[in-house]
Each structure stands twice: as structure tokens, then as C-alpha cells.
Amino acid sequence: MAWGRATAAGTLPHVATIERPTVEIERPANPEHGDLSSNLAMKLARPCRMAPLRIAEALAAELAADAGRPGSIIGAVTVAAPGFLNVRLADVALADVVGAVLAQPAVWGHVPAETPHRVNVEFVSANPTGPLHIGNARGAFVGDLLCRVLEAAGHSVTREYYFNDFGAQVRNLGASVVAIRRGEPLPEEAYRGAYVGDLASEIPDDVWSAAEVAGADPVMIVGQWASERVRAGIEASLAHLGVRFDVWKSEGSLYRDGWVARAVERLEAAGALFQEDGALWFRSTAFGDDKNRVVRKSNGDWTYFGSDIGYVVEKFSRGFDQLIYIWGADHHGTVARLRNAATAMGYDREAVQMILMAWVRFIRDGVEVSMSKRSGEFITLDELLAEIGVDAARWFFAARGHTSGIDFDIELAKKQSAENPVYYVQYAHARIASILRKAAEAGLAPGAAVGPAALTGALTGAPEAALVRALARFPEIVEDAAAAEETHGITAFATELATEFHAFYRDARVVDPAEPERSAARLSIVRATQLTLAGALGLLGISAPEAM
RNA sequence: GCGCCCGUAGCUCAGUGGAUAGAGCAUCUGACUUCGGAUCAGAGGGUCGGGGGUUCGAGUCCCUCCGGGCGCGCCA
């Protein structure tokens with residue numbers, strides 16, 4: 001706007017549309033540079049053939065005129081070398097933020113999406129052949145955190161768990177359980193964890209008698225029972241983490257319900273399939289893959305890839321417009337083929353997205369802990385959570401990007417969980433709760449009796465302004481997190497806000513019966529801070545305690 | 001060999017092409033007898049793996065080399 005007026009007024013030369021840079025506004029790292037800043041003048045220097053500093057001054061003059069008008073959110077405008085345009089927000093704008101938080105706490109931090117999506121997020125998806133172990137932890141947390149952020153950003157999200165309920169692994173589990181039940185030696189490929197013995201002793205009578213009927217397939221019957229039993233255990237473990245799935249999808253159902261056949265039809269119609277050596281192949285190289293991929297083996301069995309393409313069709317048939325897969329780094333070889341198949345079937349390639357997580361190496365006493373279900377040497381997720389706690393574990397994974405490998409030293413994590421920054425944030429929340437209780441005893445309360453004028457007055461003091469400036473960033477933090485599909489921005493924000501609050505607490509007496517008006521204003525700000533902390537913690541699935 | 005990811009403070013990690021590269025932990029020095037000291041104030045600690053390039057500006061983009069992880073089955 002200011003740019004347009006400056007051009008119209010002749011202070012800036014006209015710039016051809018094609019040369020116009022996009023207007024970028026960002027939040028400066030250094031608070032002395034104001035609340036918002038723009039590099040527009042530097043971008044305009046070349047097309048305008050003017051020194052960036054002079055352009056910035058022209059734009060600043062126009063913005064300063066705005067600042068004079070009543071109700072303007074612009075407080076002050078300054079120019080800094082080599083041509084930054086810095087804007088400080090007016091107190092009124094900050095008071096509005098506090099008012100908005102207090103008026104509608106439930107929606108604070110929820111930002112409407114420009115185009116809301118129906119998103120399917122599939123994660124964990126460990127086969128139910130044993131309890132979840134700590135190697136599954138990252139996927140569970142990263143997936144759930146992503147879902148929470150997407151929901152806050154206005155999208156509708158379905159959490160989905162995909163599991164194999166037939167085939168070799170289930171037979172294997174069945175064979176292991178049957179062997180123990182019968183007191184026979186374990187087969188070569190058996191699962192050997194203690195849970196297998198537990199399963200053997202828990203087989204219900206009706207299942208066991210069905211398995212022993214002449215001509216029955218005891219391994220499959222017991223395997224399917226055991227697999228469902230294990231799956232239910234996994235569901236319970238995830239519930240302890242605060243992760244709840246909307247859909248549990250069995251791989252077998254994709255065949256029974258014809259989804260794989262439909263996928264093959266689509267690929268056939270697109271001319272993307274061919275026969276060779278008795279197998280059915282997808283021509284993935286036509287889409288840039290380095291080799292073609294088998295869909296159905298020469299022995300007639302479908303590959304995992306076959307299941308995967310059927311699943312894509314099934315998911316889109318439910319009306320999703322975005323599919324997100326949370327996979328381990330070892331799956332990156334399968335990304336291209338699945339996206340290629342989706343493209344070939346006529347879906348938008350960009351709507352099929354994989355998030356690959358780097359590996360977590362678990363270390364105990366300097367030695368990497370093996371994670372083999374076959375050998376039974378693994379640490380379960382339940383055991384880990386019992387040691388370090390859900391809040392600390394959630395924070396640990398939320399605060400890190402998923403692209404970096406992590407060495408997770410179990411002893412160190414136990415020791416450090418006591419120093420986890422999550423407690424710093426929770427402490428700030430609890431401390432505010434305590435202040436509000438004290439205020440209530442003194443007959444003081446936030447909000448109600450305080451008009452915008454009182455708030456504005458309070459904000460002219462430095463401690464209030466700094467705190468409100470900090471909490472006002474929350475919606476933009478959520479927006480950024482959703483766009484980046486990362487949550488460490490939220491942990492960083494929560495830590496900064498807690499720091500800002502502790503500084504405020506040091507400098508500003510909140511509960512002071514001698515000054516009821518100022519107390520009420522400060523209580524409003526403190527209450528808004530508490531709601532913001534609770535909102536940020538809630539986004540991470542972490543509790544916000546009233547007392548610690 | 002080819003492909004993807006990673007390399008930032010002693011440690012664990014942030015850092016959508018912008019201003020003096022940040023935070024927590026660890027280390028060191030301090031703090032008001034009033035609202036919770038799980039707090040606060042301050043200090044030390046960096047050739048952003050090396051080298052080129054792109055531009056007003058590079059930890060960020062491009063090339064290359066070094067180091068690490070992971071993949072390259074009609075396995076699951």
C-alpha cells in the first residue's frame with residue numbers, strides 16, 4: 001500500500017509488473033529492530049535504480065502517515081542500513097491480542113487454513129508380531145505431533161495404522177506360539193521374546209480346540225489370534241503415549257475388498273503394466289525411477305508394493321486430498337515407486353507425501369542396543385516410558401527435526417529427563433496458576449473489570465510489552481510449524497515465552513491490593529500467558545499442570 | 001559404484017537468502033527474607049566439515065572433496 005502511494009506520489013519510480021519483487025515481511029531476530037521488518041527496499045534497489053536506503057525512507061514516510069491515524073496498528077517506523085524497513089506495533093494492537101486470548105481461549109493458536117485439506121497420516125504401522133519397542137517411538141511421536149499441528153492449522157486429519165494380518169510373519173508368530181504351547185523346539189525363524197511364552201499360555205480354549213481339529217491349520221489359526229492379541233497390546237501402549245488412531249487398516253482387507261484389483265485396473269488402463277518372466281511389473285522407469293517394480297510375483301503372490309498401490313486407491317476413495325506416510329529412513333527407496341504409481345493412476349503426485357525419519361540408535365553403556373524381535377532382545381516402549389515419562393519423551397522428540405540421526409543414550413536420557421526443558425515450561429504454567437490463586441484470595445481477578453484503556457496503559461511499561469509481544473507470536477508459530485511439518489518451533493517458542501514470563505515475574509509485581517487497577521491489567525496479561533503456554537503444550541500433547 | 005539424508009559451542013540440538021550464528025545441558029561468578037529458587041542476572045566457549053562459485057548479502061542456494069547414516073531383491 002505504502003509502495004503504491006509512494007509511486008503515485010512520484011517519490012518512487014514506477015516499476016514494471018514483471019520486475020516487481022514479492023513483499024516479504026518477517027520478524028527480526030533482534031527485538032531492537034522492531035516487531036516486523038521488510039527487505040522490500042533492497043529488493044527494489046535494482047529495478048528502481050535507487051539506493052535502497054532512499055527507497056526505505058520513502059516507504060517509511062508513507063507508513064508513518066498511517067501510524068498517525070486512530071486505530072492503526074503501526075506504532076513507529078524506522079529505517080536501518082543497508083535498507084531494512086522496521087515497524088513497531090502500537091500498544092493498541094498488543095492490547096487487542098490479550099483481549100482476544102481471554103475472550104476465546106479455545107481458538108487461540110488455531111489458525112484457519114487458506115485451503116483446508118482432508119489429510120490421511122499413516123504412521124507407526126509396525127507389524128503386530130511383538131510389542132512396540134523403543135525403535136518405534138520416534139515414528140509414534142513424530143506422526144502424532146504432525147497430526148496435532150495440522151489440526152491446529154485448520155486441516156482435518158485421520159490417524160491411520162496399517163498392519164499385516166496374514167502371510168509369513170503371522171505364520172511365523174503362530175508357529176512360535178504353537179511350538180511353545182506343545183513343548184516342541186522352536187523353529188529356526190521363531191520369535192523368541194518373553195511375550196511369545198505369555199501368548200502361548202493365554203490361548204483361549206475355543207481357539208486352541210479349533211486349531212487342533214483334524215485338517216485345520218493350527219499355525220495360521222493361532223497366528224491370527226496372537227497377532228490380534230498383540231495388535232490390541234500395541235493399541236494400549238500407544239494410548240499411554242497419548243496417541244490414538246482413527247483407523248486400523250489390515251493389509252488383507254485390501255485384497256478381500258478388491259482394492260488391489262482396482263489399482264491394477266487403473267495402471268492397466270494407463271498402460272503402465274507389463275508381463276515379464278511370468279511376473280507383473282509396473283513401468284516405474286517411465287516416471288524417472290531407476291528400475292521397474294514387480295507388482296505380482298511369478299508364483300502368483302502379490303508384493304508389498306502391490307498392497308501399497310491398492311492402499312493408495314483405497315485411501316483416495318475415502319475422500320482424502322493428501323496422503324502422508326511417516327516412514328523410517330530405510331524406506332527411502334520405496335518413495336519414488338509409490339509416488340510414481342499414484343501419478344500413473346491419475347492422482348496428484350504432490351498429494352502423496354512421505355516423511356522419512358532418520359534412525360535413532362539406542363545406546364546403553366556405550367553399546368548399541370539391538371532391536372530384534374526375532375531374538376527377543378529389545379526394550380519395549382512401555383519400559384522406556386516408565387523410566388522417563390511421557391511428557392519428557394514427547395518433548396524430546398518434538399524438539400528435534402526428524403532428518404537428523406539421534407543417538408539416544410538411555411542412561412543419559414533418564415538422568416537428563418529431570419533437566420528436560422519441558423519442566424521449565426510447565427513450571428511457568430504452574431507458577432501462573434499459583435499467582436491466580438493468590439490473586440483470587442486477595443479479591444483480584446483478570447479480565448472482567450479491565451477495559452482496553454487500562455490494558456494499554458499497562459502495556460506502555462516495558463515488562464508488560466515484552467511479555468505480550470512474546471505471546472502474540474503464537475498463531476504465526478503454529479502456522480509456520482504446520483507449513484514446515486515440524487514441531488521444534490513450538491518447543492522453542494514455549495521455552496522463550498516461559499523465559500519471558502519469568503523475567504516479567506521478576507520485574508513486575510502482579511498481585512498488589514494497593515493498586516487494584518494495575519493488578520487486574522497484569523493479571524490479564526499473565527492469564528493470557530498461561531493460556532498460551534497451555535496451548536503450546538497441548539499442541540505437543542503435553543500436560544499443563546496447575547501445580548508441580 | 002549409484003541414489004537419498006546428515007555434518008553448527010564440550011554434549012544434545014535450533015537457525016523459511018538478511019542485521020552481532022542461537023537455546024538447553026555442562027562449567028564458572030553472582031541474586032531481593034513480599035506473588036512458587038524446578039527461578040533470575042552474568043561469563044567463558046564457534047575457521048557453521050574443507051575448498052570453489054552464485055549476489056547487495058550464504059550456516060542456508062550451486063559445484064566439488066572429506067567424514068557418517070541409510071537404501072539399491074520376484075525380502076518382509
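Protein chains get the first letters and strands the later ones, always in sequence-line order, with residue 1 at the start of each.
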Show, in sequence, the C-alpha distance, side-chain angles and deciding distance for A:Tyr325 and A:Asp308, and conclude whether the side chain to side chain contact (heavy atoms under 4.5 Å, CB included) test is met.
CA-CA 11 Å; A:Tyr325 296 79; A:Asp308 287 343; over 6 Å; no

Touch check for [X], heavy atoms < 4.0 angstrom, all strands: base, sugar-phosphate only, or nothing?
X: A:Arg509; value: base
X: A:Gly401; value: sugar-phosphate
X: A:Thr403; value: sugar-phosphate
X: A:Ala279; value: base
X: A:Asp480; value: nothing

Do A:Arg231 and A:Glu228 sit within salt-bridge range, that is, some charged N less than 4.0 Å from a carboxylate O?
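Looking at A:Glu228 together with A:Arg231, the answer is yes, because their closest N to O distance falls below 4.0 Å.
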
Consider the side chain of [X], meaning its heavy atoms from C-beta on, and name the nucleotide among [options] that approaches it most closely.
X: A:His488; options: B:rC35, B:rG15, B:rC74; result: B:rG15
X: A:Ala547; options: B:rU39, B:rG36, B:rC74; result: B:rG36
X: A:Tyr424; options: B:rU39, B:rC35, B:rC70; result: B:rU39
X: A:Arg506; options: B:rU12, B:rC40, B:rC35; result: B:rC40
X: A:Ser434; options: B:rG36, B:rA14, B:rA23; result: B:rG36
X: A:His502; options: B:rG18, B:rC40, B:rG36; result: B:rC40

Pairing nucleotide - [N], Watson-Crick or G-U, each distance under 3.5 Å:
N: B:rA41; result: B:rU29
N: B:rG18; result: B:rC56
N: B:rG46; result: none
N: B:rG73; result: none

Look at the side-chain N and O atoms of [X] and state whether any lies under 4.0 Å from the OP1 or OP2 oxygen of [N].
X: A:Arg437; N: B:rC35; value: no
X: A:Lys291; N: B:rG73; value: yes
X: A:Tyr304; N: B:rC74; value: no

Kindly assign one of parallel, tilted or perpendicular to the pair A:Phe305 and A:Phe282, based on the angle between their ring planes and the thresholds 30° and 60°.
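Correct class here is tilted.
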
Distance between the [atom1] atoms of [N] and [M], in whole angstroms?
N: B:rA58; M: B:rU8; atom1: C1'; answer: 14 Å
N: B:rC61; M: B:rG57; atom1: C1'; answer: 13 Å
N: B:rU12; M: B:rG45; atom1: C1'; answer: 16 Å

Would you mind reading off the distance between A:His332 atom NE2 and B:rC5 atom P, rounded to a whole angstrom?
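In whole Å, B:rC5 P lies 9 Å from A:His332 NE2.
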
Under 5.5 Å and under 30°: A:Tyr427 stacked on B:rG36
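A stacking contact does not exist, since A:Tyr427 is not both close and nearly parallel to the base ring of B:rG36.
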
Polar contact flag, side-chain donor to acceptor under 3.5 angstrom, A:Thr343-A:Arg349
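There is such a pair between these side chains.
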
Does A:Arg394 make a cation-pi contact with A:Phe396 (under 6.0 Å, within 45 degrees of the axis)?
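Judged by the rule, A:Arg394 and A:Phe396 form no cation-pi pair.
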
